[in-house]
Amino acid sequence: MRLLLVEDDELLGNGLQVGLRQNGYAVDWVKDGRSAELFLAAGTYDLMILDLGLPARSGLEVLRTQRRGGSALPVLILTARDTVEDKVSGLDSGADEYLVKPFDLDELAARIRALLRRRSGRGEPVIRHRDLVLDPASHAVMRAGRPVDLSPREFAVLRQLLENRGRVLSRARLEQGLYSWADEIDSNAVEVHIHHLRRKLWPELIRTIRGVGYVIDKES
Ligand code: CA
């Protein structure tokens, strides 16, 4: 899953980027409203964490422009202003959730999981598929009640495919969920992760659609 973090405070932004990566997300961090719009136009994100007080363009302006353009991207706003009016105008401008600074990273991570869960139409915190259970909170995967040992990137690929069951995800889309723009990408990394997932789980779990990408079919 790939997140866009928009925060002009160096210390907070850096801490969030590190903490969110430890939670298994690919994170792009930008520090002003105009950069946020450039990154949103160029990349595919699963969620945006948006500070309101930003240079160049305010968080509210960025948010309103996105919503006017038809974007349904889940947005969590961060605000130092804890007045009721700020929260109301943030939510009325299209934010899905807000956190008042200072906040706890664990709470932010839990709210992100809740937003992503809502977006995928799940009520349950874990993802179930046949005898497989994936828990985004604990980063655990169980098959028939037994833990499966996956690397963080194998977990991230499996989670993306399960969250998008029935939809073919291109290699580029899967790569976007794994790497930030600053990271070097191995040209065959996704194929290698898919190969390992098929070996550790079962071969038919992930179907290759030649020339298009990969899919986990919905349970029939
Ligand atoms: Ca700020």
Side-chain angles (χ1 to χ4, degrees), residues 1-120 136-137 139 152 156 159-160 163 173 175-185:
M1 310 300 265
R2 186 183 182 88
L3 313 184
L4 182 62
L5 169 64
V6 192
E7 170 60 65
D8 62 322
D9 183 292
E10 287 283 341
L11 209 61
L12 179 59
N14 193 48
L16 286 176
Q17 187 179 41
V18 171
L20 291 168
R21 281 184 175 168
Q22 283 167 354
N23 273 271
Y25 297 106
V27 182
D28 290 328
W29 172 27
V30 296
K31 300 168 191 174
D32 67 81
R34 223 176 291 286
S35 303
E37 293 184 334
L38 289 174
F39 273 65
L40 286 167
T44 307
Y45 293 97
D46 296 290
L47 182 139
M48 172 162 63
I49 300 163
L50 181 66
D51 182 29
L52 288 186
L54 291 170
R57 266 165 87 61
S58 78
L60 277 185
E61 286 176 300
V62 172
L63 181 57
R64 288 187 181 125
T65 306
Q66 286 300 307
R67 293 302 187 229
R68 266 203 304 273
S71 164
L73 179 71
V75 175
L76 185 152
I77 51 176
L78 301 177
T79 173
R81 317 164 200 172
D82 57 356
T83 66
V84 172
E85 299 90 272
D86 282 323
K87 292 175 199 165
V88 169
S89 67
L91 293 168
D92 280 345
S93 299
D96 301 283
E97 183 67 275
Y98 67 87
L99 267 181
V100 176
K101 298 175 189 174
F103 53 84
D104 189 272
L105 181 65
D106 288 342
E107 183 178 359
L108 174 64
R111 287 182 191 266
I112 289 171
R113 285 193 297 273
L115 281 175
L116 294 173
R117 184 174 74 226
R118 253 179 267 159
R119 189 197 55 157
S120 72
H139 283 247
R159 181 178 176 188
Q160 283 195 89
E163 296 264 24
R173 178 74 181 82
E175 273 171 358
Q176 287 208 338
L178 287 183
Y179 300 95
S180 305
W181 285 27
D183 293 336
E184 286 229 16
I185 299 180

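We count ligands from 1, going down the list as the structure has it; atoms in each ligand are counted the same way. Position 1 is the first residue of the sequence, and the numbers go up from there.
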So does E7 have any N/O/S atom less than 3.0 Å away from the Ca ion (ligand 1)? no
Give the name of the N/O/S atom in D51 that lies closest to the Ca ion (ligand 1). OD2
When you compare the side chain of L4 with that of D28, does any pair of heavy atoms fall below 4.5 Å? yes
Can you tell me if D8 has an N, O or S atom under 3.0 Å away from the Ca ion (ligand 1)? yes
Any side-chain heavy-atom pair from R67 and L63 closer than 4.5 angstrom? yes
Output yes when R173 and D46 qualify as a salt bridge under the 4.0 Å nitrogen-oxygen rule, no when they do not. yes
N, O or S of G53 under 3.0 Å from the Ca ion (ligand 1): yes
Would you mind telling me which of L115, V75, I112 makes a side chain to side chain contact (heavy atoms under 4.5 Å, CB included) with E97? L115
